[in-house]
Amino acid sequence: MTTLLLARHGLTHLTGPVLAGWTPGVHLSDRGREQAGALASRLSALDLDAIVSSPLERCQETAQAVAAGRETQVRTDERFGECRYGDWTGRPLGELAEDPLWPVVQNHPSAVTFPGGESLAAVQHRAVSAVREWNERLGPKAVYLVCSHGDVIKAIVADAMGLHLDQFQRIAADPASLTAIRYTPMRPFVLRLNDVGGDVAGLRPPEGTEDAGGGENPSGSDAAVGGGAGTT
Ligand SMILES: O=C(O)[C@H](O)COP(=O)(O)O
């Protein structure tokens, strides 16, 4: 029963309005560093058998905040890296929402290959394969942290819940959120999902019109592609 803790990185100046993807040099913002520090404090009660991170700076910095003061070093696994969004990389979400591929990303993500990039099915396959391998390597008593990205975490959760990838937009993974999955031989248990701590303020309905959810969610029903900026 290996316990996997999935943390999404903290906020960056691009998180939400722009699809950063594998753009280099995207660091945590001041708020993102605060979120990473708060996540580290929340996790301080737990011994971690490994801390694994996507190679991208925003995840490495979040993982380093959790590793600070521990003997566990951050290990990098590219398979937890962000989806390669190809030509969509670096573009504003508001603009991407006009692209003919957007409704497919929303409604039939298993069919999506980003132009010049990766398919979401391939992202799920590499990330879930990595989880299985780390579970095997660390063993049934281990508790370990993986710091990754919105779509990657959502894809891992969908697998754990036995949901087809086409349902993965129903799952949320906010910046610096914690999701916990315990893998047993017969089934994974999703113990926590998108846990951002004790403050319930983020559960208030979004500001604005009844339906519109803002720039990253033009219709109010659309998922924030990549995971969005969250509410904290
Ligand atoms: O900017 C991105 O790549 C996506 O919007 C969100 O993914 P993230 O979890 O890396 O912020």
Side-chain angles (χ1 to χ4, degrees), residues 5-36 39 52-66 76-99 101-102 105-106 109 112-120 122-124 126-127 130 145-158 165 168-169 171-179 193-196 202 213-218 222-232:
L5 308 178
L6 287 164
R8 187 172 168 213
H9 60 81
L11 280 167
T12 72
H13 68 291
L14 295 183
T15 313
V18 171
L19 196 64
W22 280 74
T23 306
V26 179
H27 296 274
L28 293 182
S29 61
D30 290 346
R31 177 68 190 131
R33 276 192 295 277
E34 266 173 36
Q35 292 175 321
L39 177 68
V52 187
S53 175
S54 149
L56 291 166
E57 293 92 338
R58 54 196 184 272
C59 285
Q60 291 279 326
E61 289 162 11
T62 304
Q64 288 296 351
V66 175
T76 300
D77 189 330
E78 184 143 332
R79 294 172 296 177
F80 294 122
E82 180 59 290
C83 174
R84 290 176 173 83
Y85 293 113
D87 298 347
W88 278 36
T89 304
R91 292 180 58 197
L93 271 287
E95 186 184 301
L96 292 170
E98 305 298 319
D99 191 291
L101 190 60
W102 179 271
V105 174
Q106 294 294 327
V112 168
T113 301
F114 289 95
E118 206 176 6
S119 72
L120 285 165
V123 172
Q124 184 178 43
R126 65 164 155 89
L145 180 84
V146 167
C147 189
S148 186
H149 304 267
D151 279 347
V152 179
I153 292 172
K154 288 162 62 173
I156 294 170
V157 172
L165 184 59
F168 101 134
Q169 300 291 23
I171 299 163
D174 287 353
S177 63
L178 194 61
T179 289
L193 181 61
N194 194 29
D195 177 1
V196 288
E216 65 189 32
N217 180 3
D222 286 352
V225 172
T231 52
T232 58

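Source: prediction; values computed, not measured. Order of listing sets the numbers, starting from 1, for every ligand and every atom in it.
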Heavy atom of the protein closest to [atom] (residue, atom name, distance):
atom: atom 2 (C) of ligand 1; result: A20 N, 3.2 Å
atom: atom 7 (O) of ligand 1; result: E82 OE2, 2.6 Å
atom: atom 6 (C) of ligand 1; result: G226 O, 3.1 Å
atom: atom 3 (O) of ligand 1; result: G21 N, 2.6 Å

Review point. So, do E82 and V26 sit near enough that their side-chain heavy atoms are less than 4.5 Å apart?
Key: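 Side-chain contact under 4.5 Å: no.
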Hey, does the side chain of [X] reach the backbone of [Y] with a donor-acceptor pair shorter than 3.5 angstrom?
X: R33; Y: L28; answer: yes
X: T179; Y: N194; answer: yes
X: R79; Y: R126; answer: no

Indicate yes or no: does an N/O atom of [X] lie under 3.5 Å from an N/O atom of ligand 1?
X: H9; answer: yes
X: L19; answer: no
X: G228; answer: no
X: Y85; answer: no
X: L93; answer: no

Practice item. Would you please classify the geometry between the Y85 ring and the F114 ring as parallel, tilted or perpendicular, with 30° and 60° separating the classes? Key: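 F114 and Y85: perpendicular rings.
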Proximity of [X] to ligand 1 by residue part, where a heavy atom lies under 4.0 Å:
X: H149; value: both
X: V225; value: backbone
X: T12; value: neither

Check your understanding: Heavy-atom contact under 4.0 Å between V18 and ligand 1?
Key ->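 It does, in that a heavy atom of V18 comes within the 4.0 Å cut-off of ligand 1.
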Practice item. Let me see the working for R91 and E98 under salt bridge (Lys or Arg N to Asp or Glu O under 4.0 Å), right down to the final yes or no. Key: CA-CA 12 Å; R91 292 180 58 197; E98 305 298 319; over 6 Å; no
Exercise for review: Identify, with sequence neighbours excluded, every residue that meets side chain to side chain donor-acceptor pair (under 3.5 Å) alongside E57.
Suggested key: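 Not a single residue meets the side chain to side chain donor-acceptor pair (under 3.5 Å) criterion with E57.
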Review point. Does H13 NE2 have over 12 foreign heavy atoms under 6.0 Å away?
Key: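 No, NE2 of H13 has 12 or fewer neighbouring heavy atoms, counting only those of other groups under 6.0 Å.
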Point to revise | Spatial distance of atom CG (L193) from atom CG (L6) [nearest 0.5 Å] | key: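 Nearest 0.5 Å value for the CG-CG distance: 10.0 Å.
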